[in-house]
Amino acid sequence: MSQQAAEAPMNWFRQGLFAPVTEEVTAFDLPVTGRIPSELNGRYLRNGPNFMRGIDDSKHHWFLGSGMVHGVRLRDGRAEWYRNRWVRSKAVAEALGEKWREGPVHDHDFAANTHILAHAGRILATVEGGALPYQISDELNTVGPYDFAGALPAGFAAHTKTDQQKGEVH
């Protein structure tokens, strides 16, 4: 480590509550304090930036981390599972030593890190800045980049709104 790197303060975007999650986890039959209504069934999903190995702390803002989706599956009054998975862009798959699930990539590829959108029977991880959304499975595994069967020439804003009457995404 260089003298300069040793003296540089730790990037606060990588500490405390902002510290990256370093592993993918799957946990079943989670303990519950109180009671989950038995009518509340489904998944709660959250997407956010999460740094991977080899990032220079002095140069990166926490918005730039690779996307990691976290999910909790609720069913019949139980917290059935928790899991977290990195969105497998080509760079993330390579960093994890995995084969990338090829798909359309337009201007650039990025592990979507901003929002989760359920639309037309798909779960899409989205990001600001023009990269295509990534489709993920019900179990949070990456299916691949998704361009709506060629209809999407580039990415779109991560903060979409759905018209509930028409089913259109804006």
>> Salt bridge check, Arg83 against Glu139: does any charged N sit closer than 4.0 Å to a carboxylate O?
In response: yes
> Taking all non-hydrogen atoms of both residues, which atom of Phe110 and which atom of Gly65 are closest, and how far apart?
Replying inline: CZ-O, 3.7 Å
> Do you know the tightest heavy-atom contact between Asp138 and Ile123?
Replying inline: OD1-CD1, 3.6 Å
>> I need the Met68 CE to Glu23 CD distance, nearest 0.5 Å.
In response: 9.5 Å
>> What I want to check is whether the side chains of Arg88 and Ser66 have a donor and an acceptor closer together than 3.5 Å.
In response: no
>> Would you say Trp81 ends up clustered with Leu40 if hydrophobic residues are merged whenever their side chains have heavy atoms under 4.5 Å apart, either directly or through other cluster members?
In response: no
> Just one of Thr142, Val69, Val143 clears the side-chain contact (heavy atoms from CB on, under 4.5 Å) bar with Tyr134, so which one?
Replying inline: Thr142
>> Contact between Leu30 and Phe28 at the side-chain level, heavy atoms closer than 4.5 Å - yes or no?
In response: no
>> Measuring only between side-chain heavy atoms, which start at C-beta, is Leu96 closer than 4.5 Å to Met52?
In response: yes
> Between His115 and Glu128, does any side-chain donor sit less than 3.5 Å from a side-chain acceptor?
Replying inline: no
> Do you know which two heavy atoms are closest between Asp109 and Lys90, and how far apart they sit?
Replying inline: OD2-N, 2.9 Å
>> Under the rule for ring pair (Phe, Tyr, Trp, His ring centres under 6.0 Å), what residues qualify as partners of Phe148, not counting sequence neighbours?
In response: Tyr146
